[in-house]
Amino acid sequence: MFRNIIKLNRGLSRYYSTAGRRSSNGNKGFSFNSNSVKVGGAIALSALTITGLSTVLLEQEKKEEQVEVNATEEPKKSEKEYKKAMDTDYDIESFKYVIIGGGTAAYYAVDKILENDKEATILIISKERDVPYQRPPLTKNLWQTKDDNVVNTLSFSDWSGKQQNLLYEPESVYGSEILQFVKTRSVIDLHIDEKLVLLNDGKLIRYDKCLIATGGEPRNFKFTSTDKEKITTYRTVEDFKNLYNFIKDGNKHVTILGGGFLGSELTCSLGLNFGEKGIKLAQVFPENGVYANLFPEYLSNYATEEISKIGVDVKTKRLVKDITDNNGRLTVLLDDGSSFDTDHVVVAAGIIPNTDVVKSTTLEIDQVNGGYVVNPELQARTDLFVAGDVASYYDFSLGVRRRVEHHDHARATGELAGNNMSTKTTPNPYTYQPFFWSDLTPGVGFEAVGNTSAKLKTFSVWEKKEGENEEQKYNKGNIYYLNDKNQVVGVLCYGNYGKMDTARRLILKKRVIQDLNELQHAIDFDEHH
Ligand SMILES: Cc1cc2nc3c(=O)[nH]c(=O)nc-3n(C[C@H](O)[C@H](O)[C@H](O)COP(=O)(O)OP(=O)(O)OC[C@H]3O[C@@H](n4cnc5c(N)ncnc54)[C@H](O)[C@@H]3O)c2cc1C
């Protein structure tokens with residue numbers, strides 16, 4: 001919850017309400033037609049020009065259904081406008097804080113800014129239609145609800161049985177003078193010296209502080225079939241709604257390409273919750289087993305078997321060569337010469353960090369990991385911050401530069417960037433070690449922290465209870481990942497929850513492990529309360 005939004009809501013004008021399309025009075029706020037009305041009195045640093053922005057947003061409301069957002073398309077008009085804006089005193093909407101991207105990092109940054117700065121004016125610009133929401137339930141909890149209306153309610157039970165909504169906040173929160181949200185728009189350029197962002201509809205916005213929190217775009221491939229409805233990627237709530245509506249009546253064959261987090265979680269959710277409705281599944285990937293980049297080989301093999309047990313046709317060590325149209329269905333051709341028919345293909349092959357925001361200015365891109373390079377305080381330049389999946393940062397405790405694509409990291413970097421943007425004290429460095437988790441089948445779930453690359457040496461400790469048979473050997477375990485100096489750099493707690501703080505401490509100690517048996521009792525198997 002935005003802890004301070006209610007308190008802060010000064011309730012003067014409403015420029016734009018994201019609830020507009022649902023509620024009849026959503027656009028009531030656009031009542032200021034006078035030219036260049038400013039509300040500078042209420043806002044400390046920047047004079048907020050209403051007219052221009054309200055025009056942008058009204059146009060946007062009208063065009064919303066037709067607009068195909070294309071971040072690479074630069075309108076000619078905007079180029080001129082852009083130059084003009086930089087040459088003259090041209091009146092441009094200003095916000096104290098402009099956030100590019102409307103995902104998890106953006107949400108937590110805004111939360112922190114609202115906490116620190118009682119004079120904040122914040123604009124979030126997002127490619128998506130939806131206000132900030134959490135992505136993990138898109139492959140897990142949302143599929144478990146028995147409510148067909150889930151595509152509208154977006155509500156689900158969390159791990160503790162508590163009812164939650166996918167959206168962090170209701171849409172109505174984003175329509176105040178303090179906090180605005182522009183949907184289905186992308187930032188196509190950023191002029192750092194002038195502190196201007198250019199939107200794909202040609203509009204310019206000025207900022208005092210800016211955060212790039214643009215996440216990543218799902219990787220896709222070129223196939224002979226170009227059927228965009230049948231071959232999709234999966235990242236957004238729209239993707240969830242489309243897939244849900246496609247499979248809810250059952251009796252379809254769905255193919256998932258990818259054996260990582262997204263592909264495996266989605267496969268399991270569909271298999272476990274829609275198998276009975278006649279949803280048949282194939283999962284295809286080139287590795288020997290699922291989570292091959294994370295799990296030691298024996299565990300990857302075990303998890304793959306568990307997925308097969310729920311009725312999924314898991315095709316390991318195979319690459320998809322092509323997908324062709326076949327009388328209303330698709331044919332998937334594999335590199336071993338075999339093929340099969342399917343109704344829908346979901347490509348779950350990782351993401352490419354969204355670094356197309358800055359064209360005219362140079363920001364350093366990490367050539368190894370991708371993403372914008374930031375300093376420890378998450379700054380790419382003065383007053384320009386980067387958080388979440390798109391940030392390449394130096395991890396002090398691991399001694400490496402990395403880019404992390406996980407929820408907890410997006411939350412923590414968003415919060416820190418928001419803090420550093422809005423605090424008057426010295427900015428803090430990012431020293432936190434983020435964790436991540438995954439749930440596949442009831443028997444395959446874990447939390448992990450640090451460097452958990454399967455390329456590292458691992459040492460596994462499994463809980464053995466009296467009377468347990470061989471079948472149950474992978475109930476609860478801790479897997480320690482060691483570097484070439486024999487220091488623990490990562491820990492994966494399999495079925496053993498609530499141990500991340502202990503694991504972090506172990507990594508931070510950087511103790512050289514002389515005898516691996518020292519790790520036998522490093523993390524216990526007690527229930528966490
Ligand atoms: C289905 C799914 C399940 C996941 N499950 C887990 C999990 O179980 N555990 C875990 O740790 N992590 C999980 N993750 C990863 C986690 O959700 C991401 O790491 C996190 O969302 C990253 O947050 P972010 O704010 O950096 O980026 P995002 O949440 O991707 O937000 C970026 C936003 O910026 C927008 N944008 C991009 N470019 C522009 C532009 N030029 N102009 C305007 N807007 C732009 C995008 O459209 C998007 O809305 C999952 C991810 C997915 C997709």
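Numbering of residues begins at 1 and proceeds along the displayed sequence. Bear in mind that the values here come from a model prediction, so they are computed numbers and not experimental data. When a ligand or atom number is given, it counts from 1 through the structure's own listing order.
- The atoms of ligand 1 that sit less than 4.0 Å from any heavy atom of T139 are 1 (C), 3 (C).
- In terms of the salt bridge (charged side-chain N to carboxylate O under 4.0 Å, His left out) criterion, E447 has no residue partners (sequence neighbours excluded).
- Inspection of the Q164 and D158 side chains reveals an N or O donor paired with an N or O acceptor under 3.5 Å.
- Distance CD1/I99 to CZ/F181: 11.5 Å, rounded to 0.5 Å.
- At under 3.5 Å, a nitrogen or oxygen of R235, whether backbone or side chain, sits near a nitrogen or oxygen of ligand 1.
- The I100 neighbourhood of ligand 1 comprises atoms 42 (N), with distances under 4.0 Å to a heavy atom of that residue.
- In terms of polar-atom proximity, defined here as any N/O pair under 3.5 Å, A105 does make such a contact with ligand 1.
- Looking at R411, H407, H409, it is H407 that brings a heavy atom closest to atom 12 (N) of ligand 1.
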Determine, step by step, whether H407 and Q134 satisfy the side-chain contact (heavy atoms from CB on, under 4.5 Å) criterion, reporting the C-alpha distance in whole Å, the side-chain angles of both residues, the deciding distance to 0.1 Å, and the verdict.
-> CA-CA 8 Å; H407 178 90; Q134 42 185 325; 4.2 Å; yes
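- For ligand 1, the atoms lying closer than 4.0 Å to a non-hydrogen atom of G388 are 26 (O).
- Taking only nitrogen or oxygen atoms, main chain and side chain alike, T104 reaches within less than 3.5 Å of ligand 1.
- Here is the list of ligand 1 atoms found below 4.0 Å of a heavy atom in G102: 33 (C), 34 (O).
- Here T236 has no heavy atoms under 4.0 Å from ligand 1, in either its backbone or its side chain.
- Residue contacts with ligand 1 include V187, since one of its heavy atoms falls under 4.0 Å from the ligand.
- In summary, the side chains of S157 and Q163 do present a donor paired with an acceptor at a separation below 3.5 Å, with no hydrogens or angles considered.
- For atom 22 (C) of ligand 1, the nearest non-hydrogen atom from the set L190, D389, L199, V358 belongs to D389.
- At a 4.0 Å heavy-atom cut-off, ligand 1 does not touch L266 at all.
- Using a non-hydrogen distance threshold of 4.0 Å, A213 registers as a contact of ligand 1.
- Contacts of N354 with ligand 1, taken as heavy-atom pairs under 4.0 Å, involve the side chain alone.
- Looking at N420 and N428, their side chains never bring a donor and an acceptor atom within 3.5 Å of each other.
- If you check each of D189, D356, T214 against atom 36 (N) of ligand 1, the one with the closest non-hydrogen atom is T214.
- Shown in contact with G215 at under 4.0 Å from a heavy atom are these atoms of ligand 1, numbered in order with element: 26 (O), 27 (O), 30 (O), 32 (C).
- Below 3.5 Å of separation, one finds an N or O of R135 facing an N or O of ligand 1.
- The proximity of F261 to ligand 1, defined as any non-hydrogen pair under 4.0 Å, does not occur for either the backbone or the side chain.
- The closest approach between a heavy atom of Q134 and any atom of ligand 1 is not below 4.0 Å.
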Audit row: V187, L198, side-chain contact (heavy atoms from CB on, under 4.5 Å) steps and yes/no = CA-CA 6 Å; V187 169; L198 174 65; 5.9 Å; no
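- Contact annotation for K127 and ligand 1: heavy atoms of both the backbone and the side chain come within less than 4.0 Å of the ligand.
- Between I212 atom CD1 and L378 atom CG the span is 12.0 Å, to the nearest 0.5 Å.
- Both tests do not hold together for K248 against F274: distance to the six-membered ring centre under 6.0 Å, angle to the ring axis within 45°.
- Inspection of the N354 and E217 side chains reveals an N or O donor paired with an N or O acceptor under 3.5 Å.
- Within the 4.0 Å heavy-atom criterion, the part of V357 lying near ligand 1 is the side chain and not the backbone.
- Atoms of ligand 1 lying under 4.0 Å from at least one heavy atom of A410, given by number and element, are 22 (C), 23 (O).
- At least one heavy atom of K140 sits under 4.0 Å from some atom of ligand 1.
- Between atom CZ of residue F446 and atom OH of residue Y494 there is a gap of 9.0 Å, rounded to the nearest 0.5 Å.
- Which parts of ligand 1 touch I125 is read off a 4.0 Å heavy-atom cut-off, strictly below it: atoms 43 (C), 44 (N).
- Between the side chains of Y432 and R504, at least one donor-acceptor pair of N or O atoms lies under 3.5 Å.
- No donor-acceptor contact under 3.5 angstrom links the side chains of Y393 and T413, judged on distance only.
- Of all the atoms in ligand 1, the ones that sit under 4.0 Å from a non-hydrogen atom of R185 are 43 (C).
- In plain terms, the two heavy atoms of I256 and A348 that are nearest each other are CG2-CB, 4.4 Å.
- H344 and T255 are not linked by any side-chain donor-acceptor pair at a separation below 3.5 angstrom, with hydrogens and angles left out of the test.
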